[in-house]
Structures are given as structure tokens and as C-alpha cells.
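Structure record follows, encoded as C-alpha cells.
The figures here come from the full heavy-atom set of this structure, side chains too, leaving out hydrogens, waters and symmetry mates. Computed from a prediction, not measured in an experiment: that's the story for all the values here.
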Amino acid sequence: SGAGEEEDGPVVESGEGGEEPDNYWKKKEAFLRGSTVSLGDKFSSEIVLLFTGQRRSSANPDRALQEALRTRLRVVESNSKDVSQLFKDLSARLVSVHAEKDSFVLTFKTVEEIWKFSTYLALGFVTRCLENFLCDQAFWLDSELLSDLEISVTVDEEHLATLYLGLVLQEGCFFAKALFTRSGQDEDDEDQLSFKKNDLLMVKDTGQDNMWEGTMLSTGNHGLVPVNAMQPLPYPFYQWFLRKYTGYAGCSPTEKEPYVHPIVTGSCVAVVDYSPVGLDELQLSQGDIVEIQGLLVRGLDVFIGTHSSTGHTGFVHKAHVKPLDTTPLDEQLVFLTEEERASLAQIDLSNSEPSNIGLLETLFSSDISSVYRLDRLDETDFMYIRSRPKHDKVPTSTRQSVMSEKSGGTPPYHSSPRPSLSHSSPRVSLYQSHNPLPLEGEHLSFSLDDTFRELDEFHEDPPLFLEENSWEGEESELSDPTLTLLNHQHFLDYLPLYDLQYSFMWVTFTGKTEGELSGHLESIRETAKRMGMHWAHRRACFLLGRLCARKLKFSQARVYYEEALSICVDSFSDTPLLVALFTNLTSVYLKQRMTDKLPQTLEKASALLLCLPRHNFTSTDEMELLKLLLRRSVVIGDKHLEARVCYLISSLFLLLRKSDDALPFVERLQFLSVTLSATEGRPIVPLDLNWLLSWLYHRKYMPYLALASLSLDTRHDHSLHEAFQRIGLFIKNSVRLNPCWKEGSSLLPAQIVIYLQQALAIAEQGADMKTQRDLCLGLASVYQQHGSLDKAVRCAQQAVERGGHINEEEGFEASVLLGWLLVLTGQVDQAQSVLHPLLTSLQGTDSPTQRGVIHNLLSLCLRRQGRVQEAGWHLYSALVISRENGNQRNQALALANLGCLALDVGASMIAERFLVRSLHLFLDLWESYTDVEHVQTYLWLGRSYKDRGRSQDSRASYEMGLLIALHARNLHSQMVVAKVLSRLYAEMLLYGQSIAYYEHCVSVSRELKDKRLEGEYLEILSSLYLSLNTEKSSRKSLDYTKQSLRISIDLGKREEESETWLQVGRIYYLIQEDELADMYLQAAVKTALRMNDPHFAMSIYEEAGDVYFKGHRNRIASLPFYRDGSLPFARSIKDIHSEFRLLSKLTELLMNQGEQEEALQYATLAVQIASKTGVRVNERSAFHRLASVYYSLQQYEMAENYYLKSLSLCPPLLQHPMEARYYTKVYCRLGNLTLHKLKDAFDAVGYFQLALAAALEDQANPEALYVVYMKLAEIHGNHMPDAHMCQVYRDRAQDLKRVLAGGESSAVGREYVNDAHTESDQKKENDSRTSRINCDRVLSALLSNINLICRCCFDKSCVCSAL
């Protein structure tokens, strides 16, 4: 390379604090190195985010979890609004969702969007957001499963970086790093800018192909730069920060320094003699040892040291010393001190949030010990009725709030103490007590009321000066208490002089205007200057400078600050004043762009700001200095310096209550903590700011991120107060995502179990058993609401145990809840063992309501044990108690339970009386939370009417229940009652009303977002509409079936999906749209094939073929479904019954289509398979069908042979008259065959004689008997002349005809049957001879066809179909 690409310059590239792990930004460091990419190049605008459910223990994908995630995603995919909102919170734009590919397609439009998303991705927020979004509620209830399963997300890192760089280039103005050095002598063009390798520049597109306009961040110089020399900064945070906080860095990348560690403590040794230029610098001689005060930061040129010999403290230039005995910060802390890390962890932003008092009472308010519980008769009743007390009337017998006072005191986590200046000790050290990040127990208030309250408290203090006239006159100068106060050398023990609120001036000079205050301070300054009171002089100048800066008079403020620094004092005796002076003066220089004076104070101010732990901010203008230092960290590529500056910027913004401005820097600090852990190559303690981030996201109304950061909070030092704050924060953000969780109108989210368990673990470390008991009760309540009753029982048992350690009264409620849960789980014996001691303990006490509760629960146990009389006694006792107390609600519940008991034993009339009386009482409680109990009582009343056949009264009861549920807006109640009404109307054959209520069920299930229920009701509606059998109703059925199909696809239920495809095809066939029918049937088959279940695939193939086979059009279309689909599957799985059934269908189908030769093949195969089924009727029907095929092929001898074989397989004794009808038909067929085809009249007579015998047994079918008589008369008249016999059969036929015409077929039929029996006796010998002939023929046929056996007949037109 030439001169323009020399390798001199810094060795550390911008944006890199040493060796980092491979990440997608570093992978793109060389993206533009030497490339020819221009702004006009196209970049792919989309990126794919993949998610995988896996186990932490093995890091292997978990197929069950993955399928559950896909199912959930399919459900939400249909309503993309929720998914879009999720990724909007994640600063991404959703393009599409691909559930089957486990992916989301995203895009970004700005650099800021991709910066935010990449940060969330690195911090794990994307993963946690997807877990919260996709995991079912039941997932959070299983702690073991939850600890082992997780979701991991992946993106194409190189593509993400390419997309970022493409957006940077498209914006046209960005920040870049120089890839090589270019000096002024390289080019003749004076407009071109000189720069060094790794210099940072702001680059703007000028429209030229090879030149851009650049501005140096270090100097502010402008000029043209070559395109191929610029590489955009690969870290989006830098682009955002440098664009938002413009300015120059005031430095260039430096050579590598002798300090190995970025931040150290310890001592150094002087390598040169140095005479100080400023009053606050140390004088050094070569070999002097200097102790580092605070920290030595590698990115700064100056640090603060103490001379080991003289004890003086001052500024030391790093160039004048070298490390002697330096150690880095704790190996687990690389850019903060332990005190600073602790202060960050203890920031509390919740002061303005509602108090946590009564949190558990609000969430889990229970009346289990004061309100009776309603029984459950069977599975159609409500599974669980959550009785909620009215907010204005909480029963006195219920448990007190977990946050209530205990022993007359208030637990520390119940109040929100705020440190008050007026109430604190007047001797507290200023430097320690006014840190911007409060210690534990302190709060950062963001409310306006707190601000005014603080001012009021300041005004309560008496002023620290005399009356105004005491300042006047020469004598008053020496006696001015303010002058004396300001002249103390050590000012740390007095009121705050340097804080952001100007506390000192407003407290000390109460009641004075700023003008009067400025005049008085000017007088103090002159007096102190004249009298040589240096500290008073310096502090007065500082206060005057602050007043001027407050009024934006920066030039005047600068003069005062410079004067203050010029006063000869031991500056480090009042370090806070020195910090305040340097930082305020440097900030003024930066605001006024006084670059000539800036070097005099910049390094010292930076050292005071960064090197002294726990800096106290004195002015908002310090932000100017911090912004410059952050730009410097970008230029020199020092991540540790960047992290420390981000910490201070975050602290300042939080102190100023600018949470939105603080958020990006807190995120960056967390990101640096995570990435530096890998950079250091050793484990360090990540700075867990997730607790702080969750509050910041909450304030910014970003619920997904608030919940994600809250779940990632891994700190183990949370107090119990913070644990309750976590629960409250989780509830607030959960309500934002699902408003129906508000105020107990729906089940609480199951994730609350995690935070309750964490709070319980913290509470167990203390001795507060009441809090532990209440947390256990809260857990039991959540488990109960979500149907996890076994876990609820365990938590209730723990609550009982902890309540027992307090007193008997505290354990009572937990015991009652345990008994109720045991009843719900069917463990009635255990429930009785819990409840009986409670009832005994209440005897003789003034607690009648509690006794009634126990009586009621015991009755529920006894009913389940069948001890009806005892159950009734307990219910009566409960009813009497509730009457004596005047508790209408409990009276109504006791009466309802008595009605349930009566229904259970079949006493519907008695049940009606109890239930009607209960409903009268419920009507007086219309405005209370009894709607579910009220509705259940109406359902029982409707059942009692239904049992006695009073369908109209039953209907009225159900509809009243529905009206109450609608009035209460209780969706679950509406669902239960509407379902009952739908079934009732269907039983009454009022399908229109049934349809209306099922449609209401569909609408309710949609409001509940329960796709499974919605799909079930849609299928029912489809069936009802289809049963109406009109074109309009069929199309309505089609619409509902398609909706059900979409839900089946969303839920991933392949079997239901395939069956629904099939149903849609069936409906299309019914409305004569065969092309669409075939398309949907093929889709059903394809879906079934994807399941890899041959049994299911075979059944779907067959059902698809049945659509055509059982129809009246296009029956041949069923052929490929049978022949190419079902039949091969049946053979592969060796299902001989299905194979025989399919062969029979194919035979009949081909026969009807005139394909006798092919039909013969399938009929022959059916005969071969029939014997394997072991069902004789299958063999008989197979032979019969084969005979029919031969008959159609005009092979009459074979047909006769197989007809006789089918007859030989009939049972020897008739089991039913219908069997005789089969004999009649077959023998008639044989008679006609032998008479007309084989020309054998003798055999024909024999067959017809047998047919006559069979017809005589079938008294319900005299028409067949008439046909046989006529055939016999024809044979004896024409083929075997016998005039007598011909006349006999003809007469009998005519008599039978007359009888049939007269409608007396039954009686006359029996008469002729008797006569025929007489004739039969006469011809007994003839029949015996014919039977022997037939038997010989059957035997011959069996011997010649020993290998043929039959199977079940599915030919509905054949003669055996009547069997």
C-alpha cells in the first residue's frame, strides 16, 4: 500500500475494547473494507427469526413443546394484531408468520429500529417475550417443566448486520471509521480532509461516486473523503448516540498505554520531575510514590493521587508516572465499584406507584370462611364458582390483609419511606447522603406532589441568618452567620451546597428573590475577598456562578467559576466543591464552544467525574461533559470507559426523573455488562439491571418488555417489599396485555405463580408466618382457578401448617380452604378429617357463620358418600344458622344445596320447592357477586322441571339463567346456559332456536379467545344446518365448516383437520359442486397422509370414496379412493375386515358401471378373504355377490353353484323371520335361473318348492308368497303339465290376491299359511327328495370350490341386504 494506507495510528479499532466474542456486528467489521458498495445498492429488507423449544438439561429440541408453540402460534396467527404489537414493542415490523416453519419474517425501516431489536435480542428479551406470548397458561404451573424447558431464538447474524449497514447507507448521513491514514500531502485537492486510521468521522453522501463529505469528530474539521476509506460504525448504538447528541470528541485515538487493565487502583511511581502548573496539581520528583485516590481510568490523561510523603492530594498526569502496585477492580466488577453496583441495584422507581398495602387481599380476596359453597351435581355444572365479596362489604370473619398492621407496627415493606431533609440528622455527611442513586429504603419519586412536599419540608426549617437589617452596616459584616458558615474549610457536615436542587440557597435564604439573593451573595463575595476569607470567597463565587447559569448567563457564570478556581486554597479539603467547580466550568466551556480554554479543565473535570466513586451531580449541564466523554470512548474504543460514562448518564437522567432519556443508556449498560463478561475471558458478575429496566419499560407503556425484563431479573438480594413490588408490576403489565384480568373479572395469569413462589422463598427466610400463610393461600387460589387442584391442595396444607404457628384463628381460613379443595378433588374422607375438628373447635364460640360454613362443606362430603340423611341434617343446620344471622346469601346457597340433594335422590318436587325459595332470596341480592350461583340454581330448577316432563317450565328456567348471566356479563355462565338451552331445543326438535343459542356459544367462545370451544360449536352448527336439508342451510353449514377447518389448522389437530376437509367436500357434493368437492376430498387425503398413520389414512380414503359411492351422481369417482388408496393401506396393515369391505364396494361399483370382468376379479378376491375374517355372514355374502357377477356374465352354472354355496352357509335354524325372506329370494333366483337359462324345469320346481317353504315362514311378506304360487302354477301349466297342481297353485294365488286387495293380509295370510302347512305335509316326501338333491348339489359345489369363502356383503341392492 502507498502513503495513503500507512499502518501508523492506533492499534485499537473503534468500537472494540479488546478481543470480543464473535457477534453479528463484529462479523461485519470488514463489510465495506475495500468494497464498492454504494447507497444505490439493494439489500434484502427482510430477516427470518426462528424459535425452538428445547430442554436446558440436554440442549436438545423438545418436540412436544415445539408442537405446542406451533399450535399457539397458529391460533394467534389468525389474529395478527397481537403478534404485530409484540414485535412493535420489540422495535421490529412483522411481515408474516410461518407457524409450520417455526419462524417470523421481520423487517426494519430505520437504524434506530434495528439497534433496539439487536439490543433486545442480545439481552434475551426477544426470547422471554416469545415465551410469555406463546406458552400456554398450564406451562407456568409446572415448576419442574418450567425450569427445564426454554425457547431459543436465532437469526441470520450476517444478514442482520448486512441489513443494518444497508439502512445506514440508505440514510445518507452516518458515522464511519477511517480504514487507513491520509495526510495532506497525499492529494493536490485542498478540499480533501486529512485523517488517520481509526479516526471517526460524520459522513454525508454528496452524490459523487467516489467521494463523500466528512467531518472529524476529534477536531470538527470538514472536507471530502474517499468512499473506499470509510467504514460505517458497526454498532447501531453509536450511530444513534452520535446523531442525537452531536458534537466533537476533543481527542484522537491514542497509542497503546502501559496500563494493562482499563480501570485500576493502587499506587504509581513518578518517572519525571514535575512542577505543577495549577494550584490543584501535585509536585513530583522522580521516584516519588503516589497513591491513587478512587480509580485510575485508562481512557483519561489525569487521575487524582495523594503524595505518599507529603500527604498532599492533587491531580497527576499519567504521562509523569508509571504503574507501581496497581490492581484492577474486583475481578467480578470491571467498570464499577461494589458500592456503585449496589446503588444501581437499589434504585426504586415505584414511589409514585400505588401502595403495595393489601396487594394479596386485592388479588386473592376470599370469603371461604364466611360464605357457603355451592354443590356440584354432575359434569354439566360449573366446575368452580369463585365467590367474590363486594368491595364495600368485606365480611369481618375473613382474613385480614397480608399488608395489615401486625403487633401495632408496620412491616418495612408496607410503607414507602422517603428521606426528608428536615427530618434527617443535621450532621449527616453531604458527600455520602446525597448520592444520586439512593440506598435501600430510599426512593426516587417521579410525582409532582412529592416535589412540592419536599419544598414544604425545606421551608419548615428556620432560616440560618439574621433579619435583613442585620446585613447592613460595617459591624454586621463580621457577624454575618452566612459568611461564617461559608468560610469553614471542611463543609461536608453542613446543608447541601452542591446538589441539583439548589437546596442550600433556598433553605438558607428563605423568602428572598433571586435578585436579592444575588446582591447578598455579591456582598458576601466582596467582604470575603477583602478580608481574606478564601473559602467563603470561593463558595460565594460558586453560588453566584450557579445563579447565573440558572438564568442562562453562562459568560458571567464562567467568570465566577474561574475566579473561584483561582483562589488559593487546599482544593481537595472540600472535594465536592472542587468537583462542582470543574464540572460546571467545563460544561460552560462546552456550551460556549471555547475550545481554547477547554483543555485547561477538561481532563481534570473528567477525572473528578469518573475517578471518584459515587459522583454527586451538581448541575444538569454536566451532561455536556458526559456526552463528550462518551464520544471519546467511541473514538478510542474503550468499552470500560463507555460503560462508566453510561452509568453516570443513566444516574443523572434518573435523578432528573427523565426515565425515557435514561432508558437507552441503562439498556446499553446492561448490554456492555453482558458482552464484557465474554470480553474479559473470565466470568464476571453481570450488572443485572433488569429490575430497573422493568420499571422503565413499565413507565414507557411497553408491557411485553416490562414482563420480559422482570422475568430475567436474577438478583437474589431482593427484599420482601421488592418481591411484592414485582408481583404488583407483573399484574399491572399483564392487565395492559389482557384487560379482562383487571379487577378479577377473569382468571389471573398463571405466571404469577413464579413471583408468588419467589416472594414465599424470601418470606421463609424471616419469621413472619402470617405473610407466609397468605402467600400460600394466594398460590392455592391461583392453582385452583387454573384447575390444578392437586397443587392447590399442597399449598393449602402449607398454609394450614404456617397458620397453626400463629394462632388457631389464623389457621382457620386455611383449614376451611383445604377442606373445600379436598371436596373438589373427591377426597371426601380427608375433607371430613379436616372439617370435623374445626366444627368441634367452634362449639361454644361466638362464630355462628363459621359453623354454618363447616356444616355446609360437611354436607357436600356426605352427599358424595351417599349418606343423604346426614347431609340433609348438616344443610338444615347451616340454613338455620344463616337465618339467625340474617345472611340472605348463605340462606340462598343452603336452600340451593338442599335442592341439589333432592335432585340427586330423584325427589324433583321437593327439589323444586327448595330451589324456588333459594331464587327468591337471590333476587334480593341482584347487585352482589352471586350471578354464577344464581344461574346454577336456575339450571337445577330447570332440571327438576325436565325430570317431570314440564319442558316449557324447564325452558323458562334456563332462559332466566341466561338473562342473569347476560346482565352480569359473565361469559362462562353464558356459555354453560346457552349450551344447555341448545340441547333442550334440539330435543324438542326446535332446531332454529337451538341454532340461535349455539351461535351465541360461538360468539362467547370468541370473546374468551378459546379456539377449541369455538371449533366444537362450529361443528355442531354445521351439522344442525346440514340437517335442515335446504340449499340455503347447506351453504350456511359449509360456511361454518370452513371456519371450523381454519381453527383445526390453527390448533394443529391434523386428525380433526382432515375430517373437516372431508366434511367440506361432502357438503360441496351435496350442493352439486363436484369439482370443489374433489379438491377438498383430496386435501383431506393429503392431510391424513402427513400424519404417518396408515389406519387413519385408510379410513379417510374410504370415507372420501363413500361420498361418491353413497351418492347418486358420479359414483365412479369413488374408484381411485378405494382402489388406489384404502385397499393398499388395508393390505399393508393386514386389516382383513377393511380389505373385505373395500373389495365388496369395488365389486358393486364396477358391476353398476358395467365392468363385469374387473368386478369378477374383486369378487373372487373377496371370497378368498372372507374365510379369514371368521364371520360366516361375510362368507355367505361373498359367495352371493360372486354368484351375481357370474349371473351378469351369463355363466349360469357357476352362478347356480355359488348361490347354493351362499345358502349352505346359512344357519340350520331360522333365528328371525327375515332370514326366511333371504331364502325366498335366493331360491326364486335359482328357480328362474334353472327354468329359463338352464331349461331344467324339474330342478326349477324343487327350487320354487323351497322358496314356497321359506315364504310361508315370512308372514310379514305375503307378496313373495303370491309370486311363488304363480311361478309354480306357470311351471305345472307350461313346463311340467299337471292341470290339477296348476289349478291348485293358481287358486291359492288368486285367493291371496283378493285378500291383499281387501287389506286383510295378516289374518288371511296366517290362514293360508296353515293351509299351506297341510299341503306341505302332503308333499313331505317330495320336499325330502328335493332337499336331498339340493344337499348333494351344495356338497358338490363345496368340494369343487373348497378354496372360496365369503365375507360381509355391502351391496344394498342384493337379497341379503334385508338381514
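The shortest side-chain heavy-atom distance between Leu374 and Trp940 falls under the 4.5 Å cut-off. Between Arg883 and Gln888 the shortest side-chain heavy-atom distance does not fall below 4.5 Å. Contact annotation: the side chain of Leu984 approaches that of Met988 to within less than 4.5 Å [non-hydrogen atoms, C-beta and beyond]. The shortest distance between side-chain heavy atoms of Leu775 and Leu779 does not fall below 4.5 Å. Inter-residue side-chain proximity for Val853 and Ser369 is flagged as unmet; no heavy-atom pair is nearer than 4.5 Å. Using a 4.5 Å heavy-atom threshold, the side chains of Tyr372 and Ile881 count as touching. Using a 4.5 Å heavy-atom cutoff, the side chains of Ser734 and Leu707 are in contact. Counting only heavy atoms from C-beta outward, the side chains of His972 and Leu1008 approach each other to under 4.5 Å.
Contact detail for Leu941 and Ser944: the closest heavy-atom pair is O-OG, 2.6 Å. Minimum interatomic distance between Ala763 and Thr771 (heavy atoms only, all atoms of both residues): CB-CG2, 4.4 Å. Among all heavy-atom pairs drawn from Gly899 and Ala911, the shortest one is O-CB, 3.4 Å. Nearest approach of Leu903 to Ser908, heavy atoms of both residues: CD2-OG, 4.4 Å. Here the closest heavy-atom approach between residue Glu764 and residue Gln772 is recorded as CA-NE2, 3.6 Å. Residues His874 and Leu858 come closest through the heavy atom pair CE1-CD1, 3.8 Å.
Comment: Arg802 does not engage Asp774 in a salt bridge, judged by the lack of any side-chain N to carboxylate O separation of less than 4.0 angstrom. Of the charged side-chain nitrogens involved, at least one lies within less than 4.0 Å of a carboxylate oxygen, so that Glu959 and Arg955 count as a salt-bridged pair. Checked for salt-bridge contact, Glu933 and Arg889 meet the test: a charged N lies under 4.0 Å from a carboxylate O. Between Arg726 and Asp713 there is a salt bridge, since a side-chain N of the basic residue sits under 4.0 Å from a carboxylate O of the acidic one.
For the residue pair Gln865 and Gln832, a side-chain donor N or O sits within less than 3.5 Å of a side-chain acceptor on the partner.
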Report the C-alpha distance between Met975 and Tyr1017 in whole Å, list the side-chain angles of each, state the deciding distance to 0.1 Å, and finish with yes or no for side-chain contact (heavy atoms from CB on, under 4.5 Å).
-> CA-CA 11 Å; Met975 178 80 74; Tyr1017 290 128; 3.2 Å; yes
Might you work through the salt bridge (Lys or Arg N to Asp or Glu O under 4.0 Å) test for Asp375 and Arg864, ending with a clear yes or no?
-> CA-CA 10 Å; Asp375 204 349; Arg864 285 164 172 76; 3.0 Å; yes
Passes side-chain hydrogen bond (donor to acceptor under 3.5 Å, both in side chains), Asp931 versus His967? Steps please.
-> CA-CA 9 Å; Asp931 55 273; His967 178 267; over 6 Å; no
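Within a 6.0 Å radius of CZ in Arg969, no more than 12 heavy atoms belonging to other residues, nucleotides or ligands are found. With a 6.0 Å radius and a threshold of 12 heavy atoms from other residues, nucleotides or ligands, Gln843 has its CD atom above the threshold.
Ring geometry for His855 versus Trp873: interplanar angle over 60°, hence perpendicular rather than tilted (30 to 60°).
A ring-centre distance under 6.0 Å is found for Tyr985 and Tyr997.
Here Gln850 contributes atom CD and Leu842 contributes atom CG; the two are 6.5 Å apart, rounded to the nearest 0.5 Å.
A side-chain donor-acceptor contact under 3.5 Å links Ser954 to the backbone of Gly942.
Under the side chain to side chain contact (heavy atoms under 4.5 Å, CB included) rule, Trp140 has a single partner from Leu145, Val782, Val753, Ile754, which is Ile754.
The salt bridge (charged side-chain N to carboxylate O under 4.0 Å, His left out) analysis of residues 902-921, with sequence neighbours excluded, yields the pairs Arg863-Asp904, Glu912-Arg948, Glu912-Arg950.
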